[in-house]
Structure formats: structure tokens, C-alpha cells
Amino acid sequence: MYRSNTCGELRITDVGKSVTLAGWVQKVRNLGAMTFIDLRDRYGITQIVVNDSSSAQTRETASKIGREYVLQIKGCVIERESKNGKIPTGDIEIQAQEITILNEATLPPFTIEEDSDGGDDLRMKYRYLDLRRPPLQRNLMLRHRMAQEVRRFLDSEGFMEIETPFLIKSTPEGARDFVVPSRMSPNEFYALPQSPQTLKQLLMVAGYDRYFQIVRCFRDEDLRADRQPEFTQIDCEMSFVEQEDVLDIFERWAKHMFKTVMGIEFSNKFLRMPWIEAMEKYGSDKPDMRFGMEFANITSLAKGHSFSVFDDAEYIVGFAAPGCASYSRKQIDALTEFIKRPQVGGRGLVWIRVEESGVKSSIDKFFSAEDVREIASKLGAKAGDMCFIMCGPKFKVLTQLCALRLEVASQLGLRDPKKFAPLWVIDFPMFEWDEETQRFYAMHHPFTSPKPEDVQYLESDPGRVRANAYDFVCNGTEIGGGSIRIHDAKLQALIFKCLGFTPQKAEEQFGFLMNAFKFGAPPHGGLAFGFDRLCSLFGGADSIRDFIAFPKNNAGRDVMLDAPSQIDQSQLDELYLALKEVPQKK
RNA sequence: GGUGUGUUAGUUCAGCUGGUUAGAAUGCCGCCCUGUCACGGCGGAGGUCAUGGGUUCGAGUCCCAUACACACCGCCA
């Protein structure tokens, strides 16, 4: 038996017990005649004391140990002479009788403490050391508890957890696939699933009624702080449901998660905001609702004052930033620079300072004080506020103003990670026009059903068609999304046509699904939640990386494993693969 | 594919308008210390300033390229 107790559980009530502990050395404090050792495991830290009542051999061993040595300590629980109120085990310590070095440790390249001194790069390379740190352990513990609560809730609602394959068929729509060469079928490839979308629909055809899976998905696209090439979804599908049924059950699920994991109760129904409203009021299909600063369209008010920038613009929109009238010229200039960055792409920023004494703006030359006041009032500004206005093509300027709204909110400290503002965004457009390829793409995916009342426009005016699609959004992050699917083979064929698929191409890529729909597909729908994002949302972090045990870096590499890497010629030969030279960069 | 920021001791960073021996903190090593818990005191070791070019009498510092890291845009049905 290596241990009788963990390093986190002994208390004052255990004084007098003989115990054996095992763990890692966090810190050694040698005071000469006595030595304190902080012994750490996943459960906590317990102080070991070695002094003149320890044997000479124990004192000798204690003098040799270094950070991260793995020790076994036999000793007696005693009350501390000076207690430490900062840790749960702070009232007691272990009087060491015997110290066994179970394993020595090379000096780690960074400190393994609550706040490490190591940089990202180094911590990723030695991820197993970083994972010893309490913050990472808390994150993975949170993730574990959340996964358990997901299963508990969905099981209680009759959902069956069913595994679907990872080696499936490539479908070029959507994200780039990761592919796996097949040895037994030379020159053919499997694809790793971007999501188990079609498979879960087939499970509905198969009559399983309610399915879920906490499942890895793969997308070969560039990474972000909240995007990894392999990530985990809570994937769900239900039969005989309409949109309202899906929203109802997963709203209850979300509330269950907030309550059981975070101790937060939402008594009201989550807001349901049509996509067009989200775009016009917040410039985003995933609005951050932790604060106001709603947009208002001032196109008609602002035009016709001989200010050509406005007069030539399609859409003029702004918002009032509360309490920002005190912003200096320098701060306004900095925000102007912010929206002019290529990432945002704004052309310029108009401001109106609203004070008790009156209004002052960057457009005073063109507008009377009365007109400026009217605009400010339309934007909902009160004395002490600052209005920001931008103009341009409608959806472009809305998106740019969204970036500014978030930036101002960050500066005002309104993006509080402890606050949660969940909502559903509904009534998404069915299609998105792509300028580059001059065709419509499915905004969600090609199995999403159109609103029945909009089906009439499918061929005449596809841009007008709304979908039975919905996203779950919280704090400006898309946490999940789904739709009511098409269960009718004829309608599915029509959608493929609208998306520019020839019948042959549709048959080749999705024939298996359309064929299945001929055999009695139930009406069905579902959604999927990004589990990593949900974890980072609950954990109050912007990046999902520290909620994944072994994440990839910005370039999709695992720097610990040094993957991807080359493979042996014999492996290539087996797969009939030949490598091509990579063009040199100029 | 693009934009930005960064790369200096084991680690985290400072190093100004180019100037003579590149600093701090922390970690590490040694000695001292009986109540520490960010222990303390004294001493010590530790650097190809990412790489390659260029400008200059002289480059950690200026310029160009490359590599790597991070954030973002494109991309992510």
C-alpha cells in the first residue's frame, strides 16, 4: 500500500493518526535543524515536518530531495505550532518517521505552482508538468463534472448514448476534411467526421428516437483561441419534434448545467432573438447580452445634411456608450485606429459627446445642435454618454460596429466572465451568398429545413428563405446550434438543387442519406454544443486550450509529441502514397 | 493566404536617440538558520542577445529575409 490518505484530506480531527502519504515535492523549506516539505497531489498539499525527533536517516534523506521528487512519507498527524489558514490542511502537519524516495525528478523547466513562471510555449512542450498545476487540474475536473451532468440530464430525458464511426466518407461541403488513406482500398480515403451529422440522422431513421454522444469532431481549418482541429461536441438528435420542442428540452438542459455545475439559477425563459434582430441591434449573430449598447439605425435621420460620407452610405448606424462622455480626444482617436485596423476594416468613426450643457460632435460642421441632439436621442444617449456612429454597406458596417461595441465594453469592464447572458438566436437565413464562387451555400448545413412559409421562395428568391435553425449563444460566443432537418427526399433534392448540386453529385455525396429517407424517415431535428467552449465559458476563460488535456498549438501542432511528423517509406509504400515536394517560400 | 505583437540567463522580463564589462527578479548551487508556508541571511555559478544577411568606425538596439510563438482577419456547411 503506497498511501493511506491523500494530500488533501487530513484535518485537525485526524491528529494522532499514523498515516502514509505519497505525492510530489512542491517545495522544501530547510530551516537548519528542521525541514518543511510541501507534498502535493491532485487533492491538495500537506506539510511534512522533519526535525530532531526524526531519525538521522530520515534527516539525511530529507536533505537530498528536490522539487517534483516523488515521495512516500510515513508519519504521525500532529497539530501545527503555527497554523496556515490559507490551505484546508493548514492546521496539521505530518511528523515524518520515514521518507522513501519513490522517484527522483529532473529540475522542471518552470515552476509548478498556482501561477507558473513558464511561458505558453514551454508549458505546452511539457504539458504533463503543466497539468500538475492546480488551475489546470481544476479545469479538467470542471470538464469531468460537466460531462457527468450532461450524461445525467440527457439519460433522465431518455436520450441514448450511441457511438458513431470516426472513419467515414468525405463530404467537400463545409469545412476541409481530415483524411485517412485506406490500405485495403488503395488510393481511397476515409474522412474523419466534421460532426456525426448524417449518422445521427440515420439513427433517427433507424428509430432510436433520442440520441446523444459526447464526441470528437475534426475540421482541418486554421485555429483560434476557441478553435482546435479536433474538438468535442455534445451531439444530440430527436425524432417527432418541432423547433419549440428542441429549444424547450435544451433550455432545460442548459439550466440544469448552470445550476448543478455553477450554482446559478435562471428563472426566466431564455431570450429568443431572430437573426435579423441580432444583426441589426448588435451586429452579430452571436450577440454579447451581458450589457446594452444596442444599435439604432439612423440612416434616414443622418442623410441629407450635405455630409457626403453619410449621404453616400447605404446604412448609418450607431450606439451610445454609457458614461463615455469623458473620453479624451486621444481615446477617441485610439478607437478610430481600432476600427480602421484591417481586421475590422472601418473607414471612419463619428462621435457625439452628450453632456448636461449640450452636445458636441465630429459632425458639427454639417449638423445643427438640434439635429445632433435628435440623433443622440435616437441612439438612446443620456447626459454623460458618448455616441459612436459608422456607415457603409449594411451588414459590413454592422459587423464593424459590433467590433467597436465589444472593444468599448471591454474597456468599460462590462465583459464580466462571472456573468452569464444566454439566449437563442433563431430564424437564420437558409442560404449565404458567396461572392467568390458566385453561388449560395447552406448557412447551417444542407440538411436544414426551410420555414414552411418560405419554401415558395426557394427557387425565385433563395436569399429570402429562413431556416428552422437556431443557435445557443452566451456572452458573445456560439456555444451550440442545430436545426429541424429535412425528412422528405423530394425537398432534400430541391435544396441540393438550390445549392448548385447536380442530381449526380448529390447522389454521389449524400445518396446514402436520401436513400434512407425513402424508407420512412421520421420528422426529426437536433443540435450540437461545443463542449470545449462550454467548459471555457463556465471556467471563465477565453481560450479553450486549458480545458483540453493535450491541445494543439496555433499551427495545429502537438509540440509535446512533435506531431504531425514524417512516416517511414515502408508505411508510404503500403498505402501506395508518394510524397510531393513542397514549394519553397520566396 | 493576410495583419499585428513578440523572440535577451533555467524561467519571466528590463535594456532609451546605436557606444566600451548586457542587468533585475525568480529559479539553481554552497554555507548559516528550530516554526516556515512567496521563509530569512551571506556567497556563487549561469548569456552564440532566435537564425541568416545588410547598414555603420561600431548593432541586443536600425533595415531585410527566415524560423518559431501568440492574437486577429480570411477560413470554420
Side-chain angles (χ1 to χ4, degrees), chain A residues 26-39 45-54 59 66-67 78-87 89-90 93 106-126 171-177 194-195 197-198 217-229 231 337-338 340-345 399-400 403 406-407 428 430-432 434-436 440-448 467 469 478 481-483 495-496 499 501 509-510 528 530 542-543 545 553-555 557 559 584-586:
Chain A
Q26 168 101 4
K27 186 102 186 174
V28 179
R29 287 181 296 277
N30 185 340
L31 274 65
M34 66 193 307
T35 300
F36 297 103
I37 302 165
D38 287 340
L39 199 67
I45 288 178
T46 297
Q47 178 167 281
I48 314 298
V49 60
V50 180
N51 56 20
D52 52 13
S53 54
S54 308
R59 289 202 302 272
R67 277 163 56 200
I78 59 171
E79 184 171 0
R80 286 202 198 182
E81 228 168 85
S82 49
K83 297 188 168 62
N84 181 352
K86 289 183 217 156
I87 58 172
T89 62
E93 63 196 352
T106 302
L107 190 70
F110 51 85
T111 58
I112 299 173
E113 293 166 9
E114 183 74 23
D115 295 306
S116 175
D117 67 356
D120 293 342
D121 196 12
L122 203 62
R123 282 165 41 217
M124 285 289 263
K125 187 170 175 187
Y126 299 94
T171 55
E173 282 281 299
R176 208 175 278 118
D177 283 321
Q194 298 176 22
S195 96
Q197 182 59 37
T198 51
C217 300
F218 305 86
R219 291 178 191 175
D220 186 7
E221 297 293 345
D222 285 2
L223 295 84
R224 289 286 189 283
D226 63 350
R227 255 164 43 192
Q228 287 270 303
F231 61 100
E337 283 309 307
F338 173 83
K340 281 185 173 174
R341 287 161 54 225
Q343 280 90 337
V344 179
T399 309
Q400 292 166 352
L406 294 177
E407 173 64 20
F428 275 78
M430 187 80 180
F431 305 108
E432 215 173 7
D434 183 60
E435 284 294 335
E436 208 174 305
F440 279 106
Y441 279 86
M443 195 156 184
H444 192 53
H445 56 58
F447 319 111
T448 299
E478 180 197 331
S483 62
I495 298 293
F496 280 138
L499 289 169
F501 282 72
Q509 281 184 23
F510 300 111
D542 289 328
S543 171
R545 288 186 195 169
N553 77 2
N554 242 13
R557 295 198 66 87
V559 292
Q584 290 294 307
K585 269 193 180 175
K586 276 170 279 180

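Residue numbering restarts at 1 for every chain, and letters A, B, ... go by the order of the sequence lines.
For A:F338 and B:A71, the CZ to C1' distance is 12 Å, given to the nearest whole Å. Distance CD1 (A:I112) to P (B:A38): 18 Å, rounded to an integer number of Å. Put simply, CG on A:D117 is 12 Å from P on B:U26, counting in whole angstrom units. A:K86 places its NZ atom 18 Å from the P atom of B:G35, with the value rounded to the nearest Å. Atom CG of A:N554 is separated from atom P of B:C75 by 18 Å (rounded to the nearest Å). Protein atom CZ of A:R341 is 9 Å distant from nucleotide atom C1' of B:C73, rounded to whole Å. Computed from coordinates, the A:D38 CG to B:A38 C1' distance equals 11 Å when rounded to whole Å. Counting to the nearest Å, the P atom of B:U34 and the CZ atom of A:F36 are 11 Å from each other.
When side chains are defined from C-beta on, A:R219 counts as touching A:F231, because their heavy atoms get closer than 4.5 Å. Side-chain contact between A:M34 and A:S54 is absent, with no heavy-atom pair separated by less than 4.5 Å. Using a 4.5 Å heavy-atom cutoff, the side chains of A:Y126 and A:P108 are not in contact. In this structure, the side chains of A:N554 and A:R545 come closer than 4.5 Å at one or more pairs of heavy atoms. Proximity of A:R67 to A:T111: side-chain heavy atoms (C-beta onward) are separated by under 4.5 Å at one or more points. Looking at A:R29 and A:D38, their side chains come closer than 4.5 Å, going by heavy atoms from C-beta outward. Side-chain atoms of A:E113 and A:D115, non-hydrogen and from C-beta on, never get closer than 4.5 Å to each other.
The side chain of A:N30 lies closest to B:C33 when the candidates are B:C70, B:C68, B:C33. With B:A69, B:G27, B:C76 as the candidates, the nucleotide lying closest to the side chain of A:K27 is B:G27. Counting only heavy atoms from C-beta on, A:D222 has its side chain closest to B:C75 among B:C75, B:U3, B:U11. Among the nucleotides B:U36, B:C70, B:C37, the one closest to the side chain of A:N84 is B:C37. Closest approach to the A:R545 side chain among B:G27, B:G35, B:C70 is made by B:C70 (side chain taken as heavy atoms from C-beta onward). In this structure, of B:C37, B:U34, B:C70, it is B:U34 that holds the atom nearest to the side chain of A:M34. In the set B:C39, B:C72, B:C70, B:C72 carries the atom at the smallest distance from any side-chain atom of A:A225. Which of B:U34, B:G74, B:C39 sits closest to the side chain of A:D52 comes down to B:U34.
Side chain A:R80 to base B:C37: a donor-acceptor pair is found below 3.5 Å. Evaluation of atom-type donor-acceptor distances gives a pair under 3.5 Å for the side chain of A:R227 against the base of B:C76. The base of B:C33 lies outside donor-acceptor range of the side chain of A:R29, with no N or O pair under 3.5 Å. The base of B:G74 sits within donor-acceptor range of the side chain of A:R224, with an N or O pair under 3.5 Å. No hydrogens or angles were tested; on distance alone, nothing pairs the side chain of A:E113 with the base of B:G27 as donor and acceptor under 3.5 Å. For B:C72, its base sits under 3.5 Å from the side chain of A:Q343 at one donor and acceptor pair at least.
In this structure, A:M443 reaches the sugar-phosphate backbone alone: every heavy-atom distance under 4.0 Å involves primed, P, OP1 or OP2 atoms, never a base. Looking at heavy-atom distances under 4.0 Å, A:S195 makes contact with a base. Nucleic acid contact class of A:Q197 (heavy atoms, under 4.0 Å, all strands): base. Here A:L31 lies in heavy-atom contact (under 4.0 Å) with a base. At the heavy-atom level, A:Q400 lies nowhere under 4.0 Å from the strands shown. Backbone-only engagement by A:L122 is indicated by non-hydrogen atom pairs under 4.0 Å involving sugar-phosphate atoms exclusively. Counting non-hydrogen atoms under 4.0 angstrom, A:D220 reaches nothing in the nucleic acid. Counting any heavy atom pair closer than 4.0 Å across all strands shown, A:F110 reaches no nucleic acid atom. Among the protein residues, A:G345 comes within range of no part of the nucleic acid, since none of its heavy atoms lies under 4.0 Å from any strand. Using a 4.0 Å heavy-atom criterion, one finds that A:P446 contacts the bases of the nucleic acid, with or without backbone contacts as well. At the heavy-atom level, A:K125 lies nowhere under 4.0 Å from the strands shown.
Here, B:G58 and B:G40 have their C1' atoms 46 Å apart, quoted to the whole Å. Nucleotides B:A14 and B:A50 are separated by 13 Å at their P atoms, to the nearest Å. For the C1' atoms, the distance linking B:A59 with B:U51 amounts to 16 Å, nearest Å. A gap of 9 Å separates the P atoms of B:C13 and B:U8, to the nearest Å. A distance of about 12 Å separates the C1' atoms of B:G23 and B:C49, rounded to the whole Å. Using C1' as the reference atom, B:C76 and B:G60 are 41 Å apart when rounded to the nearest Å. B:G52 sits 23 Å from B:C57 when the P atoms are compared, rounded to a whole Å. B:A22 and B:G10: their P atoms are spaced 16 Å apart (whole Å).
Nearer the 5' end of RNA chain B, as judged by each residue's closest nucleotide, is the contact made by A:G32, out of A:H445 and A:G32. Remark on RNA chain B: of its neighbouring residues A:A555 and A:R176, the 5'-side contact belongs to A:A555, judged by nearest-heavy-atom nucleotide.
Under the Watson-Crick and G-U wobble criteria, each requiring two contacts below 3.5 Å, nucleotide B:G40 is paired to B:C32. In this entry B:C75 has no Watson-Crick or G-U wobble partner, no candidate having both defining distances under 3.5 Å. Across all strands shown, B:C68 is found opposite B:G6 as a Watson-Crick or G-U wobble partner, with both distances under 3.5 Å.
Nearest approach of A:Y441 to A:L499, heavy atoms of both residues: C-CD2, 3.6 Å.
The aromatic rings of A:F510 and A:F447 stand perpendicular to each other, their planes meeting at an angle above 60°, with 30° marking the opposite boundary.
For A:N51 and B:U34, the shortest distance from a side-chain N or O to OP1 or OP2 is not below 4.0 Å. A sub-4.0 Å separation between OP1 or OP2 of B:U36 and a side-chain N or O of A:K83 is absent.
Taking CG of A:N84 as the start and CD of A:Q47 as the end, the distance is 8.0 Å to the nearest 0.5 Å.
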